[in-house]
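Written out below as structure tokens is the structure these notes cover.
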2 protein chains.
Amino acid sequence: MASIHDVARVAGVSISTVSYALSGKRSIAASTRLRVLDAVERLGYRPNAGARMLAGTRTNIFALTAPFHADTYAPAHMAFVLAVAQAAREHDYDVLLLTQDEATSGLRRVASSSLVDGIIVLDVAGDDDRVAVIRELGVPATFIGIPKDAAGLVCVDLDFEAAAALAVEKLVAAGHRSIGLIGHSPGVYARGSNFPPRFRDGFFAAAAAHGIETAFVMPERDGPSVRIALDALFAERPEMTAVVLHAEESIHAAVLDVLRERGLRVPQDLSVLAACASFETDHFEPPLDTIPLVAADSCWRAVTLAIEQVSGPIEPRIELVPPRFYERGSIAPPPDRHLASPRS
Amino acid sequence: MASIHDVARVAGVSISTVSYALSGKRSIAASTRLRVLDAVERLGYRPNAGARMLAGTRTNIFALTAPFHADTYAPAHMAFVLAVAQAAREHDYDVLLLTQDEATSGLRRVASSSLVDGIIVLDVAGDDDRVAVIRELGVPATFIGIPKDAAGLVCVDLDFEAAAALAVEKLVAAGHRSIGLIGHSPGVYARGSNFPPRFRDGFFAAAAAHGIETAFVMPERDGPSVRIALDALFAERPEMTAVVLHAEESIHAAVLDVLRERGLRVPQDLSVLAACASFETDHFEPPLDTIPLVAADSCWRAVTLAIEQVSGPIEPRIELVPPRFYERGSIAPPPDRHLASPRS
DNA sequence: CGAGCGAATCGAAACGCTTCGATAATTGCT
DNA sequence: AGCAATTATCGAAGCGTTTCGATTCGCTCG
């Protein structure tokens with residue numbers, strides 16, 4: 001494996017010249033730079049990662065701690081992991097994957113052995129063990145998600161409250177006065193990350209502000225549960241004309257299936273809005289209006305903030321990514337129930 | 001951050017003694033070792049990763065190349081990624097995650113900069129670009145999956161052919177003579193990994209060997225497709241008394257839903273066997289007999305083989321993990337159609 | 001009693017890079 | 001022409017380990 005010495009010899013310069021020619025940290029004559037680059041090319045030289053870490057001040061590696069629980073929704077989880085990896089690569093960073101069973105000890109290990117320059121924390125729970133460890137280590141870190149006590153931390157996340165408010169607004173603007181919310185399974189609210197409650201509470205708050213009637217159900221993943229959940233919604237709000245979905249992909253599909261089965265047309269009889277989903281909604285029948293959760297957005301920002309911290313401490317902050325609405329045609333004005341309602 | 005110098009000073013020995021005391025590569029007096037360990041403890045010393053890589057011969061990092069395509073089934077993919085990470089950690093290795101869009105260039109980069117000791121290759125396609133790169137780099141690598149040309153490579157995978165044969169055997173042993181196979185979506189067979197065809201072909205071969213009638217369908221992920229697929233199976237083999245499922249979790253659920261809907265009881269009217277699934281099958285109604293694809297098995301073995309290669313070249317090989325059958329009660333003797341068949 | 005040996009320890013040389021300070025060589029000003 | 005400032009290059013000192021002799025000491029054995 002060619003070393004910087006070989007490059008220096010072939011180019012006929014000293015190794016420091018090679019280093020500067022490659023890093024650009026000092027001015028080098030154009031002709032020299034070319035000779036160096038040519039030698040690099042010819043030898044297929046790549047700087048040795050270990051030597052670089054040792055001599056330089058950074059490793060160009062981030063740890064990614066991405067706990068995976070039994071009720072973690074794999075596609076979304078995967079989307080975030082990949083988005084972090086890609087964002088990191090675009091900044092010339094690599095990603096070291098830490099798993100659940102090594103959550104805190106792994107952080108200690110990689111940080112105190114200077115294996116990584118910083119940490120990206122995924123799937124943050126309200127009360128997350130990793131928070132304390134990271135505070136203690138004082139290592140650059142960005143949280144994707146928001147722990148209960150975020151003091152001194154750098155956090156990035158979609159603005160779930162604003163997303164919920166935007167969802168309500170869009171439906172109110174279309175004329176709806178009674179809106180149902182179909183959320184994740186109860187387990188997700190009970191223990192997992194804190195975005196589901198944030199969305200739910202934002203939804204209720206926005207609805208209250210608009211004087212809108214609401215109902216809320218948390219179906220399980222399996223088929224019959226969705227049917228029961230919809231029944232519960234209609235039982236509680238017979239006048240309901242729109243539903244917001246904040247759940248997994250399979251729930252979306254199941255809801256549409258059940259609606260179809262009952263002869264309820266979307267959007268003529270019921271408007272549907274998918275909120276904070278990290279999957280495409282335009283392959284559904286019909287395609288669903290959506291306020292998506294774009295993994296790439298949060299992750300890119302998280303990586304950028306982590307890199308800023310590597311050069312020196314930055315102001316702690318909670319950065320909320322503003323939600324955006326995409327129209328697909330699944331929202332319409334509410335049907336006129338006085339004339340003819342398919343459900344009556 | 002405490003260095004080996006600090007430890008040496010506190011323990012009152014030279015740094016080489018510290019190194020040997022920690023690595024155990026030379027004999028050290030027990031009393032000395034204790035003093036060293038005590039100093040390590042007190043200072044919270046962790047060897048610097050960069051220095052270690054540079055001086056030592058290994059980095060204790062594996063690259064994991066895990067391409068994620070549009071039709072990749074996220075839960076299974078995730079299961080393998082996590083299993084590799086965990087297996088690696090149990091051998092004191094870390095995992096560097098390489099993504100799709102950097103597949104070959106990323107391999108080049110991490111290998112030639114000596115960032116990693118070896119590579120674990122996931123989701124291997126029959127004709128995979130990464131094969132050529134890895135041959136060229138001559139770096140320790142283990143493939144999880146089997147490329148078309150596996151000459152000189154170290155590969156690990158579930159024995160899908162044997163799994164298919166075992167599935168057929170179990171059903172034949174129960175008395176079935178006509179078995180349907182519900183596979184993945186057509187896209188998966190067309191371009192993706194090569195295990196689906198391996199299973200399918202193994203299924204046909206075993207069926208032929210037993211003189212069994214077969215039919216095969218490839219439903220898409222969405223709901224109606226499963227219904228259509230089942231219709232097609234029964235149309236082709238009205239006498240069919242058992243089906244083997246080799247597909248995603250949602251397909252399993254959908255198949256059971258459709259069967260229930262049609263009044264077909266499992267296993268009284270139709271026996272069902274889940275094959276090579278990487279998810280649990282005991283939460284289904286009814287729980288399904290299964291020949292699982294255990295990510296941890298293949299991944300553990302893959303990591304072990306990679307580590308062996310780090311110490312020196314090993315014999316290239318294709319290691320097939322033998323399938324195992326777990327009974328859950330979804331297989332029964334075929335119904336006696338002469339008396340009364342729910343479908344007739 | 002001295003040669004020989006093994007155990008325990010040390011010193012120093014890598015490992016391949018970054019970076020600081022020093023040295024030339026060149027240019028710009030007065 | 002003389003001096004300062006600028007540009008281009010080099011040498012060498014780390015960075016924190018591992019590892020290879022070399023050294024010291026206490027024993028054993030002939």
Side-chain angles (χ1 to χ4, degrees), chain A residues 1-37 39-40 43-61 92 109-117 310-311, chain B residues 1-37 39-40 43-61 92 109-117 310-311:
Chain A
M1 213 139 285
S3 82
I4 197 173
H5 282 97
D6 304 316
V7 176
R9 190 165 29 72
V10 169
V13 296
S14 74
I15 60 170
S16 52
T17 302
V18 174
S19 182
Y20 287 124
L22 292 177
S23 72
K25 294 192 179 175
R26 276 197 188 177
S27 56
I28 292 288
S31 59
T32 313
R33 191 199 319 286
L34 283 178
R35 287 213 316 285
V36 169
L37 292 178
V40 165
L43 295 170
Y45 166 74
R46 296 289 182 103
N48 178 289
R52 233 178 177 176
M53 292 188 194
L54 181 55
T57 158
R58 52 185 58 179
T59 68
N60 276 267
I61 302 178
D92 199 30
R109 185 171 54 79
V110 298
S112 59
S113 64
S114 300
L115 217 197
V116 304
D117 291 339
V310 173
S311 323
Chain B
M1 212 141 284
S3 83
I4 197 172
H5 283 96
D6 304 318
V7 177
R9 189 166 31 73
V10 170
V13 296
S14 73
I15 60 170
S16 52
T17 301
V18 174
S19 182
Y20 286 124
L22 292 178
S23 72
K25 293 191 180 177
R26 277 198 187 175
S27 56
I28 292 288
S31 58
T32 312
R33 189 198 319 288
L34 283 177
R35 285 213 317 286
V36 169
L37 292 179
V40 165
L43 296 170
Y45 165 74
R46 294 289 183 102
N48 178 289
R52 224 171 186 182
M53 290 188 194
L54 181 57
T57 159
R58 53 186 59 180
T59 68
N60 277 269
I61 301 178
D92 199 29
R109 184 171 56 78
V110 298
S112 59
S113 64
S114 300
L115 217 196
V116 304
D117 291 340
V310 172
S311 323

(request) Compare every heavy atom of Val36(B) with every heavy atom of Ala11(B), then report the nearest pair and how far apart it is. (result) CB-CA, 3.9 Å
Using residues 43-53 of chain B as the side-chain source, report each donor-acceptor pair under 3.5 Å to any protein atom, sequence neighbours left out, with the distance given to one decimal.
| from | atom 1 | to | atom 2 | distance (Å) |
| --- | --- | --- | --- | --- |
| Asn48(B) | OD1 | Gly50(B) | N | 2.8 |
| Asn48(B) | OD1 | Ala51(B) | N | 2.8 |

(request) May I have the distance from Ile4(B) (atom CD1) to dC10(C) (atom C1'), rounded to whole angstrom? (result) 13 Å
(message) With rounding to the nearest 0.5 angstrom, report the OG to NE2 distance, Ser14(A) to His5(A).
(response) 10.0 Å
(message) So for the helix from dC1(C)-dG30(D) to dT30(C)-dA1(D), with five pairs setting each end axis, what is the inter-axis angle to 10°?
(response) 50°
(message) Expected output is a numbered-order residue list: members of residues 6-16 of chain B with a heavy atom under 4.0 Å from any atom of DNA chain D. What is it?
(response) Ile15(B), Ser16(B)
If you look only at distance, which donor and acceptor atoms sit under 3.5 Å apart when one is on a side chain in residues 19-32 of chain A and the other is two or more places apart or in another chain?
| from | atom 1 | to | atom 2 | distance (Å) |
| --- | --- | --- | --- | --- |
| Ser23(A) | OG | Ser19(A) | O | 3.2 |
| Ser23(A) | OG | Lys25(A) | N | 3.2 |

(message) With the threshold set at under 4.0 Å for non-hydrogen atoms, list the residues of residues 21-32 of chain A touching DNA chain D in residue-number order.
(response) Arg26(A), Ser27(A), Ile28(A), Ala29(A), Thr32(A)
(message) To check you understand the geometry: which heavy-atom pair defines the closest contact between Met1(B) and Ser114(A), and what is its length?
(response) SD-OG, 3.8 Å
(request) Indicate, with a heavy-atom threshold strictly under 4.0 Å, whether Arg46(B) touches base, sugar-phosphate, or nothing. (result) sugar-phosphate
(request) Calculate the interatomic distance between Arg58(A) atom CZ and dC17(C) atom P; express it in whole Å. (result) 18 Å
(message) Reading DNA chain D from 5' to 3', where do the contacts with chain A start and stop? Cut-off is 4.0 Å to heavy atoms.
(response) dT7(D) to dG16(D)
(request) Quickly work out the Tyr20(A) OH to dG21(C) P distance and round it to whole Å. (result) 10 Å
(request) Taking all non-hydrogen atoms of both residues into account, name the closest pair between Ala8(A) and Val18(A) and its distance. (result) CA-CG2, 3.6 Å
(message) In this structure, how many angstroms lie between the P atom of dT18(C) and the CG atom of Asn60(A), rounded?
(response) 11 Å
(message) Rounding to an integer number of Å, can you tell me how far Tyr45(A) OH sits from dG16(C) C1'?
(response) 7 Å
(request) Specify the closest pair of heavy atoms between Asp117(A) and Thr59(A), including all atoms of both residues, with the distance to one decimal. (result) OD1-N, 2.7 Å
(request) Compare all side-chain heavy atoms of Arg58(B) with those of Ser311(B) and state whether any distance is below 4.5 angstrom. (result) yes
(request) Determine the minimum heavy-atom distance between Leu115(A) and Ile61(B), stating which atoms define it. (result) CD2-CD1, 3.9 Å
